[in-house]
Amino acid sequence: MAKYGEGDKRWIVSERADGTNVHNWHWVERDCLEWSRSLLSSLLSDLTLLNGEGGIFIRTKTLDKLDGEAYVNVRKGKVIPGYELSLSLSFEAETRSDSSSVDGNAEPLLRLTGSFEVPYLADENAGDDPEVRITVRDDDGPIGRRIKDAFIAKGKPVVLEKIRSYVLAMSKGGPAKDELEEKIPPLSSVKKAAVPLTASKESADIPVKKPKKEKEGFKTIKLTERFSCRARDIYEILMDENRWKGFTQSNAMISKEVGGQFSLFDGSITGINEELQEGKLIVQKWRFNNWVDGIYSSVRLDFDEPEPGIAIVKLTQTGVPQDDRFGNSTVVENTEKGWRELIFHKIRALFGFGI
């Protein structure tokens, strides 16, 4: 064994004298709060939401408040955004009558001001639209309610579309996007490997069998979990919607038939049962609602009981996309973490199957 500091230098990662973070190997965090303030202000300020539809005009003014934190972690070209923000903007609105004044212009009936607030915009909910709260100042009568209803019907979708643009920009690296180094050199710059001088022509011509690669952009999750119970107990819990509601504290709908559909975690996960063997096997088409439309992974749960009172569950989930529909690249990590912490660990804790 080599002494400390005398190992093979090819296996030692050392800091460069020029400070370059080659291929973003090390974790680097970029503060994005001021960048977020600037981007959200440009996206949402001075924005026409309604331009006369129903006699109502609404235009945003300025970003009045942005609180919270925003950052991007980068390593080897992989982007992991993190943000928890609350923001509010003011707006002005007016209603106009259908009759015209002497100069031919419609007279304003009433001018009002208001604000809209997004109390929680976070990376953990990147696949869902955030809550938008609307307040019309100085008028809670019919005109104020009319403006508020018009904002909700016509203005809110515009606001949410702009917020999605921010979420997408963060998923691509935010202000660190231009700093990411290319991990893979251009194909034209890759030199063809030379055949060693000692190798014969025959050996050089023998094709090398390459290992089977997973489809680009998708990954496989494999987990093995141990429980102090019978194998059929775990199977029945996973196929019983009432028990799902109990240990997840969320709505669930589960068919127990092959070809039947299921919906978990208030509809965040949906799918179809493809193969069921009671106490032994569950195979499902399975997806999150923030994945690109039409993409399903395949979940296989094998149940084994090597000895009485000990159940082993082997999970294999193939075809998990690396990115969701918004470009967030944490799908695989979040899916694996969800299986461990929100399903298997919760079952152990609630049903007393060992921690």
Side-chain angles (χ1 to χ4, degrees), residues 80 123-125 127-128 212 214-215 218-291 295-322 324 328-355:
I80 302 179
D123 60 281
E124 65 179 2
N125 298 326
D128 302 316
K212 185 178 180 181
E214 192 161 17
K215 186 178 178 181
F218 295 84
K219 294 292 184 182
T220 294
I221 295 172
K222 292 186 177 182
L223 298 174
T224 299
E225 299 288 331
R226 179 186 177 97
F227 298 87
S228 298
C229 62
R230 302 296 298 269
R232 68 168 179 263
D233 295 332
I234 299 295
Y235 177 94
E236 290 172 356
I237 289 171
L238 293 174
M239 293 301 297
D240 188 310
E241 62 184 47
N242 290 321
R243 296 185 191 181
W244 262 95
K245 293 174 184 178
F247 75 80
T248 66
Q249 294 296 296
S250 63
N251 289 325
M253 183 282 292
I254 302 175
S255 168
K256 297 182 180 181
E257 304 295 330
V258 173
Q261 299 182 359
F262 60 88
S263 172
L264 310 172
F265 292 102
D266 296 319
S268 294
I269 297 169
T270 55
I272 300 171
N273 297 324
E274 294 192 312
E275 185 177 353
L276 299 173
Q277 297 180 27
E278 188 170 355
K280 296 182 178 180
L281 176 67
I282 297 174
V283 179
Q284 298 171 326
K285 289 178 65 177
W286 191 101
R287 63 173 271 114
F288 271 108
N289 63 6
N290 65 344
W291 291 3
I295 290 182
Y296 281 84
S297 64
S298 178
V299 167
R300 181 185 178 94
L301 291 159
D302 289 284
F303 302 84
D304 189 20
E305 195 171 318
E307 57 183 279
I310 299 297
I312 303 295
V313 180
K314 293 183 179 180
L315 164 74
T316 303
Q317 184 170 359
T318 58
V320 180
Q322 292 179 278
D324 63 18
N328 296 301
S329 57
T330 56
V331 174
V332 177
E333 292 87 344
N334 289 342
T335 303
E336 181 173 344
K337 184 178 179 181
W339 277 110
R340 287 189 184 279
E341 299 183 5
L342 301 181
I343 298 177
F344 294 137
H345 290 184
K346 295 275 187 171
I347 289 174
R348 286 193 186 91
L350 183 62
F351 296 99
F353 293 160
I355 302 297

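Just the heavy atoms: all of them, side chains too, but no hydrogens, waters or symmetry mates, feed the values below.
- Side-chain contact between Asn328 and Asp123 is absent, with no heavy atoms from C-beta onward closer than 4.5 Å.
- Side-chain contact between Leu264 and Thr248 is absent, with no heavy atoms from C-beta onward closer than 4.5 Å.
- Between Asn289 and Ile269, every side-chain heavy-atom pair lies at or beyond the 4.5 Å cut-off.
- Annotation: side chain of Trp291 is not in contact with side chain of Tyr296 (no heavy-atom distance under 4.5 Å).
- In plain terms, the two heavy atoms of Glu336 and Ile221 that are nearest each other are N-CD1, 3.8 Å.
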Practice task
Could you check Asn273 against Met239 for side chain to side chain contact (heavy atoms under 4.5 Å, CB included), going step by step and ending with a plain yes or no?
Solution key: CA-CA 10 Å; Asn273 297 324; Met239 293 301 297; 4.0 Å; yes
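- Note that CG of Leu281 and CG of Leu301 are 8.0 Å apart. Values are rounded to the nearest 0.5 Å.
- Residues satisfying the salt bridge (charged side-chain N to carboxylate O under 4.0 Å, His left out) test with Glu225, not counting sequence neighbours, are Arg340, Arg348.
- Using a 4.5 Å heavy-atom cutoff, the side chains of Ile347 and Leu238 are in contact.
- Phe288 is not listed as a side-chain neighbour of Ile295, based on a closest heavy-atom distance of 4.5 Å or more.
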Exercise for the section: Determine, stepwise, if the pair Thr220 / Thr316 fulfils side chain to side chain contact (heavy atoms under 4.5 Å, CB included). Expected result: CA-CA 7 Å; Thr220 294; Thr316 303; 4.2 Å; yes
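- Remark: side-chain polar atoms of Asp266 are not paired, donor with acceptor, to backbone N or O of Ser250 under 3.5 angstrom.
- Between Ile343 and Phe265, the closest side-chain pair of non-hydrogen atoms falls below 4.5 Å.
- Sorted by first then second residue, the salt bridge (charged side-chain N to carboxylate O under 4.0 Å, His left out) pairs that include residues 230-254, not counting sequence neighbours, are Arg230-Glu305, Asp240-Arg243.
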Exercise for the section: Could you walk me through whether Ile237 and Phe227 pass side chain to side chain contact (heavy atoms under 4.5 Å, CB included), step by step? Expected result: CA-CA 13 Å; Ile237 289 171; Phe227 298 87; over 6 Å; no
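- The CG atom of Leu315 sits 5.0 Å away from atom CG of Leu223, with the distance rounded to the nearest 0.5 Å.
- A heavy-atom distance below 4.5 Å is not found between the side chains of Glu275 and Val258.
- Between the side chain of Ser297 and the backbone N or O of Trp286 there is at least one donor-acceptor pair closer than 3.5 Å.
- Between Thr224 and the choices Ile312, Val313, Asp302, the side chain to side chain contact (heavy atoms under 4.5 Å, CB included) rule is met once, by Ile312.
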